[in-house]
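We count residues from 1, following the sequence as given. When reading the values below, keep in mind they use all heavy atoms of this one structure, side chains included, and skip hydrogens, waters and symmetry mates. Nothing here was measured: the structure is a model prediction, and the numbers come from that model.
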Amino acid sequence: MGRPVDTAAVALRRRALAARIGRGVALIPAAHERDLERDYVQDNDFRQTNTFFYLTELETQDAWLLIVAGGEAATTVLFLPPRTPSQERWTGLRLGPDTTAARLSGIGRVLPTDSLDRMLAALFRASGPIYAPLDVTTRDEPRLKELVFSGRDVRNLRPLVDSMRLVKDGDEIARMRKAIDISAAGHVAAMQAARPGVWEYELEAALEAAFRRNGADRLGYPSIVGSGPNSTTLHYDVNRRQTRDGDLVVVDAGAEWGQYTADVTRTFPVNGKFTPRQKAIYDLVLATQQMAFDSTRPGATVAQLNRMAREYLRAHSGTLCGAQSCDGYFIHGLGHWLGMDVHDVGDYATPLKPGMVLTLEPGIYVPAESLGVRIEDDVLVTATGAEWLSAKAPKTTVEIERLMSRPSRP
Ligand SMILES: [Mn+2]
């Protein structure tokens, strides 16, 4: 069973969704347990689908959520499989269709899943369009497949929910703060484990041990630990190289907590001391990020911030990247939405609003010098500007060198 549900927050989200639907029905399946033998032998961890979690915060398997929207009144029904004591010997306690589930979920009507089809048949005769999440995680859901081919007016629920997910409520922001704090602790641990000759996977181990030690549920995405030449490969996550004295190491890693993930990148010298050349490039990336942060406020767009970052790089490169501007070595976008997905859902044309969370991650990658620098922080848009959420991970060259000069814990 999962963590406590913020029943007020999820009820508000369901009400907001019902208002957007107007008249119609939303039908949302939960994820299923994956089969250790058949599905993903090395990756059988259960994770709730984001749409179901967003509307319930329940980590329960094989459930269905039904929201009947219509005028001012919306009805929510949670369908749960019956509890089986013999199975619970294997799985531990499960939520079942009873008053406990109603209390924990804050949903008054909880019915067994075998009554779902009967209820749907009655509903579909009476109500308007049917909204269901039609995406990768629900593609193989027989009940949804059948619906899509039934000739009924079935519409994709995802764009509605995804647009709601762009602006985080208080409960979501609290979850993100926790995931991000855990991630900062991991980055500190990786810096403390660094020394010339350390293998990338040793740094990865220190990082991920700190994640888990601090309560992370899992990784938000595979950890990137790229040293030397690998620091210039954006999504290098093989992490098998032995570092050498003088290398920079790019660590791009985020922990997930309570279904929400962080996305933080730090770059540090494996020997604890930046060379003048490394520091010059680093400080340009850092100043670019600060400029982007200073421009992050309600009304701005991600595209604008990206353009401004590139202009800043062009104006401040000097001869750092040779005849070219360093902008030519900044080969990815400035940032992206962050939430339950590391590249979270939502339309990038949407102007920033308070409660949105995005990453700011400028980088300069010079493969000819095996020199890559990326600095990535998670930023919350506020009423007047923005707040750094990942400030606990040391970031200036002075802070990083100071941390790395201290003897690390055994
Ligand atoms: Mn990112």
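- For Glu202, the salt bridge (charged side-chain N to carboxylate O under 4.0 Å, His left out) partners two or more places apart in sequence, or in a different chain, are Arg195.
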**Message:** Would Tyr282 and Thr267 count as a side-chain contact (heavy atoms from CB on, under 4.5 Å) here? Give the steps.
**Reply:** CA-CA 8 Å; Tyr282 190 95; Thr267 301; 4.0 Å; yes

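- Remark: side-chain polar atoms of Gln289 are paired, donor with acceptor, to backbone N or O of Leu360 under 3.5 angstrom.
- Judged as a side-chain hydrogen bond (donor to acceptor under 3.5 Å, both in side chains), the pairs with a partner in residues 131-142 (not counting sequence neighbours) are, in order, His32-Glu141, Tyr131-Arg155, Asp135-Thr137, Asp135-Thr138, Asp135-Arg158.
- Side-chain atoms of Val285 and Phe330, non-hydrogen and from C-beta on, never get closer than 4.5 Å to each other.
- Side chains of Glu200 and Ser227: a donor on one and an acceptor on the other come within 3.5 Å.
- Judged as a ring-ring contact (aromatic ring centres under 6.0 Å, His included), and not counting sequence neighbours, the contacts of Tyr201 are Trp199.
- Of the candidates Lys178, Arg177, Arg175, Arg175 is the only one forming a side-chain contact (heavy atoms from CB on, under 4.5 Å) with Tyr260.
- Atom CD1 of Ile173 sits about 8.0 Å away from atom CG of Leu389, to the nearest 0.5 Å.
- The environment of Arg244 atom CZ is sparse: at most 12 non-hydrogen atoms of other residues, nucleotides or ligands sit within 6.0 angstrom.
- Side chain of Gln304 to main chain of Thr301: a donor-acceptor pair is present (N/O by atom type, distance under 3.5 Å, no hydrogens or angles).
- In summary, Glu146 and Arg152 do not engage in a salt bridge, as defined by a charged side-chain N under 4.0 Å from a carboxylate O.
- The stretch residues 347-357 participates, sequence neighbours left out, in no salt bridge (Lys or Arg N to Asp or Glu O under 4.0 Å) pair at all.
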**Message:** Run the side-chain contact (heavy atoms from CB on, under 4.5 Å) test on Gln192 and Met404 for me, step by step, so that the C-alpha distance in whole Å, both residues' side-chain angles and the decisive distance to 0.1 Å come before the verdict.
**Reply:** CA-CA 6 Å; Gln192 286 175 326; Met404 294 182 74; over 6 Å; no

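- Side-chain atoms of Thr233 never come within 3.5 Å of backbone atoms of Tyr236 as a donor-acceptor pair (strictly under, hydrogens ignored).
- Judged as a salt bridge (Lys or Arg N to Asp or Glu O under 4.0 Å), the pairs with a partner in residues 74-92 (not counting sequence neighbours) are, in order, Arg83-Glu88.
- With sequence neighbours excluded, the residues forming a side chain to side chain contact (heavy atoms under 4.5 Å, CB included) with Asn214 are Ile182, Ala185, Ala210, listed by chain and number.
- Contact check for Val77 versus Met119: side-chain heavy atoms found under the 4.5 Å cut-off.
- Stacking of Arg218 on the aromatic ring of Trp257 is not recorded, the 6.0 Å distance cut-off and the 45° axial limit not both being met.
- With sequence neighbours excluded, the residues that form a ring-ring contact (aromatic ring centres under 6.0 Å, His included) with Tyr312 are His316.
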**Prompt:** Are Glu376 and Thr265 close enough, and set up right, to give a side chain to side chain donor-acceptor pair (under 3.5 Å), and what steps lead you there?
**Reply:** CA-CA 5 Å; Glu376 175 174 34; Thr265 307; 2.7 Å; yes

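- Without hydrogens or angle criteria, Asp283 side chain to Ala280 main chain gives no donor-acceptor distance under 3.5 Å.
- Note that CD1 of Ile224 and CZ of Arg374 are 5.5 Å apart. Values are rounded to the nearest 0.5 Å.
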**Message:** Would Thr113 and Leu80 count as a side-chain contact (heavy atoms from CB on, under 4.5 Å) here? Give the steps.
**Reply:** CA-CA 5 Å; Thr113 31; Leu80 292 172; 5.7 Å; no

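- Here the CG atom belonging to Leu78 is positioned 11.5 Å from the CG atom belonging to Leu55, to the nearest 0.5 angstrom.
- A donor-acceptor pair is defined here as one N or O able to donate and one able to accept, closer than 3.5 Å; such a pair exists between the side chain of Thr296 and the backbone of Ala292.
- In this structure a side-chain-to-backbone donor-acceptor pair under 3.5 Å is missing from Ser183 to Gly254.
- Taking all atoms of both residues into account, the shortest heavy-atom contact from Gly372 to Ser231 is N-OG, 2.9 Å.
- Residues passing the salt bridge (charged side-chain N to carboxylate O under 4.0 Å, His left out) test with Glu208, sequence neighbours excluded: none.
- Counted by atom type alone, His336 and Tyr348 present zero donor-acceptor pairs between their side chains at under 3.5 Å.
- His332 contributes atom NE2, which lies 5.5 Å from atom CD of Glu361 (distance to the nearest 0.5 angstrom).
- In this structure, the side chains of Arg266 and Val249 stay at 4.5 Å or more apart for every pair of heavy atoms.
- Put simply, the side chain of Ser115 never gets that close to the backbone of Leu111: no donor and acceptor are under 3.5 Å apart.
- Between Val5 and Ser105 the shortest heavy-atom distance is CG1-O, 4.4 Å.
- For residues 10-22, the salt bridge (Lys or Arg N to Asp or Glu O under 4.0 Å) pairs, not counting sequence neighbours, are Arg13-Glu57, Arg13-Asp169, Arg13-Asp171.
- In terms of heavy-atom proximity, Phe268 sits nearest to Val251 at CE2-CG2, 3.6 Å.
- Glu172 contributes no side-chain N or O that, together with a main-chain N or O of Gly339, makes up a donor-acceptor pair within less than 3.5 Å.
- The pair Asp217-Arg47 does not count as a salt bridge, with every side-chain nitrogen at least 4.0 angstrom from each carboxylate oxygen.
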**Request:** For the pair Val357 and Val379, evaluate side-chain contact (heavy atoms from CB on, under 4.5 Å) and give the outcome as yes or no after the intermediate values.
**Result:** CA-CA 6 Å; Val357 179; Val379 162; over 6 Å; no

**Message:** ring-ring contact (aromatic ring centres under 6.0 Å, His included) for Tyr221 and His343? Distances and angles first, verdict last.
**Reply:** CA-CA 10 Å; Tyr221 53 97; His343 293 173; 7.9 Å; no

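- Residues passing the salt bridge (charged side-chain N to carboxylate O under 4.0 Å, His left out) test with Asp114: none are found, sequence neighbours excluded.
- No side-chain donor-acceptor contact under 3.5 Å links Ser390 and Asp378.
- A donor-acceptor pair under 3.5 Å links the side-chain atoms of Asn306 to the main chain of Leu334, judged by distance alone.
- In this structure, OG on Ser223 lies 8.5 Å from CG on Asp252, to the nearest 0.5 angstrom.
- Remark: the backbone N or O of Gly197 is paired with a side-chain donor or acceptor of Thr243 at under 3.5 angstrom.
- Seen from the ring of Trp388, Lys395 counts as a face-on cation partner, given the 6.0 Å and 45° thresholds.
- Here the side chains of Asp247 and Val270 are in contact, with some heavy-atom distance below 4.5 Å.
- Contacts of Phe79 classified as ring-ring contact (aromatic ring centres under 6.0 Å, His included), with partners at least two apart in sequence or in another chain: none.
- Applying the salt bridge (charged side-chain N to carboxylate O under 4.0 Å, His left out) rule to Lys392 yields the partners Asp181; only residues at least two apart in sequence or on another chain are considered.
- Taking CD1 from Ile400 and OG from Ser405, the interatomic distance works out to 12.0 Å, rounded to the nearest 0.5 Å.
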